[in-house]
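Taking it in order: structure first as structure tokens, then the write-up.
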Amino acid sequence: MNHEVPQAAKPAKAPPPAFPLPQPRHASRLPDSLTPEDWARIRQAAYALPQTLTPSDLDDGTDDALERLGAIQVSKAAGGARPSRWILPAHIPVALAQLDATPLANTLRALMQQRLHQLESLGLRREVLVFTRLCVHPITLAHEGWRIDLSHRVPVPEAPVWAFFRDGDQAALRHTLGQAPEYSYTAELALHLNHLVARSEALADSTQLASLLPRLQAECGVPMPFDDLKAALTRAQDRWEQQVEEQSTMASLGRELAFQGYPDSFDTARKLGRKVTLYLGPPNSGKTYAAFERLAQALDGAYLAPLRLLALEGRDRLVGRGVPCSLLTGEESVPADNARVVSSTIEMVNTRDVVDVAVVDEAQMIFDDSRGWAWTQAIVGVPARELVIIASAYAAPAIERLLQLCGEKPEKRFFERKQQVQLMPAPVPMNHLHAGDAVVAFSRRDVLMLRDQIAQDGHAVSVIYGALPPEVRRREAERFAVGASDVLVATDAIGMGLNLPIRRVLFSTLTKFDGVGDRELSVSEVHQIAGRAGRYGMHDEGFVSVLKEAEADAMKTLRSLLPKEPRAPRDFKAPVAPNWRHVDTISRRLGVNKLYAVLSIFMQQLRLDDAHFAVAELEQMLELAEMLDRNAGTLPLNERFKYAQAPVDSRLPTLVDQFGNWVLNHARTGNAGEPHFLDEYDQHGRLDRMEQALRICTLWLWLDLRFPGVYGHVEEVIDLRGRLNDGIERQLKGKKALWQRRGR
């Protein structure tokens, strides 16, 4: 007999769920008619379907908010890249109909994005769970037939919108939606506007009254609830009254510091009745040349540049025309005898002294997250009888709205590009580079790596990237301009107005790290960089392509981005940073002496009234303010505020430590102490070490300019800066590989 004990049978594996769900409890939310195959189709296409939602689609911005709505999670968030995807049960049949009409393919997401943009061009957009339509209706006022175009949004049924996503038929969508509905409060709004204008007529003459209309239009151009609009219009009229009556005293802290009162805080500019002209066009269209022509004819003036390098170039441009010109940047003041013009970086704008003509360059930088506040301040506050604003055309509506809030209506001059940039039919191998080529990368490491690789093929290479000091960038640009080097490798710094004899712009990649993660270049970035090819007067034509060594889909990406027109950020609000007036007022009115607390109050106050303005990114300023209050609280508030604006990169511990020591010495002894870095660095170090030393020199000179008698040693610091510039240039011109060295 066989007495072996039979082995226990292995438990059978549980069958996989018919509907794989990140949250199994959501199974009860699925429609009864849904098949596993159809659910699989939705899961596979979730990233492209317009019916799916992500947490950012809701005001709450969390998965919990979608959970509370009864949505079904389709996929979880993927490691800092793709967000979680959700779908409402009612939209599952709609999503399946979408896939029947537009099957999943590599082109589906692009097609849906295209149709989304088409919807936006029709004034339709999704707001949380509802589609709304932008409607514009004219309102005629009693005073001289004044007309105001009112913008408002109304909900629209979702069925015709989903149909459009399926078939792309704009005509059918327009027909289904029909005529825009009338505004529900037209009579009440007209009555309110007429009342405001009638009240204003009694206070001012017709010349002054004309500046009221653009202020009222600016408010009516932003869709908002009726009660909010009435309140906003009343505030606009109140501020206008204060300007007319020259009431400079502040009625209250909230009124004084409210976002929409920001333009009126620049009294000198508001009283001038400025003539404002926008010079609009793409790169290489002659708009900057025309602006300098006007500036050279002025009795006196100011040129406001986005970079120290361009301020230097602007000064030289004017001096070359026989116009005495001073230079003012964050770290230097170089007065010229009998100067008629000051060329400065935009942050150094003078909002006190009246000039004949001022030129604000690269004004589309108002969209920049970290520095846009400086363009807001300059556009609103520069006291010039004539103001010329140079910008890309896509920035014009935002700038016009900002000027309307000042009671000003600009003229516009459009400039056409002298030569078109042609997209090349294929990528260019790195060993097929020619003289006049510019290769673009987006990090210091990649620039130096490309420089080394290209130099191996026998090319003399110039390099330009952000960490280089302006003097070295200028010398590298000049080497390329005169033919001492035949290939340029640069970051997107070349897109900022540098005049270089570039024939072909070649992208090494179409992605860049933006401080958070890698992202695809925007349309405006591609246009700004590609526009440097074929510089008028230097080449007969310009070309753009990618390196063959770039990512596999780089050429396809460039081909899709280049034909598109750049667009301003949706729902843009002009960024505002605090000035001393804000800080001093808050401190005096509320009895607060901690800079961190004052800046925090500034941010909270301005959020009370933010239809047109937003607080700029102040994270670094707040970090420095907290440190200054803790370690240098004995310094007067105005001195701590100056220190909080210093160019201290918090990512560089050595720079932060040096800064902290100088501030502490200043607070304890009234003197910053000895600049020991003069003995620690020279022109024979590693490239990254010399770049770090230059940042320290720049910071010392910046502080010396603002705290006379506290820092000093200027000649020695400038001497070290010059030697470091020479050392960096020598290394860049040398044959030794640079990118593999430490500090890359």
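Since this is a predicted model, take the numbers as computed values, not measurements.
- Taking the centre and axis of the six-membered ring of Tyr47, the NZ or CZ atom of Arg82 falls inside the cone set by 45° and 6.0 Å.
- Between the CG atom of Leu134 and the OG atom of Ser121 there is a distance of 11.5 Å, given to the nearest 0.5 Å.
- Between the CZ atom of Phe165 and the CE atom of Met112 there is a distance of 7.0 Å, given to the nearest 0.5 Å.
- We find that Arg308 and Glu347 are not joined by a salt bridge, their nearest charged nitrogen and carboxylate oxygen being 4.0 Å or further apart.
- Glu551 has no carboxylate O lying under 4.0 Å from a charged side-chain N of Lys556, or vice versa, which leaves the two without a salt bridge.
- Using a 4.0 Å cut-off between charged nitrogen and carboxylate oxygen, Glu120 and Arg567 count as a salt-bridge pair.
- Looking at Arg475 and Leu732, their side chains never come closer than 4.5 Å, going by heavy atoms from C-beta outward.
- The neighbour count for Asp100 CG, taken as heavy atoms of other residues, nucleotides or ligands under 6.0 Å away, is above 12.
- To the nearest 0.5 Å, atoms CZ (Arg371) and OG1 (Thr345) are separated by 8.0 Å.
- In this structure, the separation between OG1 on Thr698 and CG on Leu724 is 9.5 Å, given to the nearest 0.5 Å.
- Salt bridge status for Arg41 with Asp38: present, with a side-chain N to carboxylate O gap under 4.0 Å.
- For Arg532 and Asp492, the salt-bridge test fails: no basic side-chain N is under 4.0 Å from an acidic carboxylate O.
- Residue Met449 holds its CE atom at 7.5 Å from OG of Ser443, rounded to the nearest 0.5 Å.
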**Message:** Ile87 vs Leu49, test: side-chain contact (heavy atoms from CB on, under 4.5 Å). Steps then yes/no.
**Reply:** CA-CA 10 Å; Ile87 191 168; Leu49 284 170; 5.6 Å; no
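- Here Glu476 pairs with Arg479 in a salt bridge; the nearest charged N to carboxylate O distance falls below 4.0 Å.
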**Prompt:** Which is it for Val544 and Phe507 under the side-chain contact (heavy atoms from CB on, under 4.5 Å) test, yes or no, and what are the steps along the way?
**Reply:** CA-CA 8 Å; Val544 62; Phe507 289 87; 3.7 Å; yes
**Test side-chain hydrogen bond (donor to acceptor under 3.5 Å, both in side chains) applied to Glu729 and Gln731, step by step** = CA-CA 5 Å; Glu729 185 182 14; Gln731 288 214 22; over 6 Å; no
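- Val421 and Ala533 make their closest contact through CG2-O, 3.8 Å (heavy atoms, listed as atom of the first residue, atom of the second, distance).
- Scanning for side chain to side chain contact (heavy atoms under 4.5 Å, CB included) contacts around Glu525 gives Lys512, Arg519, Leu521, Ser522, with sequence neighbours left out.
- Note: Phe131 and Phe164 fail the aromatic proximity criterion, with ring centroids not under 6.0 Å apart.
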**Item:** side-chain contact (heavy atoms from CB on, under 4.5 Å) evaluation trace for Glu471 with Ile728
**Value:** CA-CA 10 Å; Glu471 290 81 4; Ile728 290 173; over 6 Å; no
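- In this structure, the separation between OG1 on Thr654 and CG on Asp649 is 11.5 Å, given to the nearest 0.5 Å.
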**Message:** Checking Leu694 against Met690 for the side-chain contact (heavy atoms from CB on, under 4.5 Å) test, could you report, in this order, the C-alpha distance in whole Å, the side-chain angles of both residues, the deciding distance, and whether it holds?
**Reply:** CA-CA 6 Å; Leu694 271 165; Met690 288 191 289; 5.7 Å; no
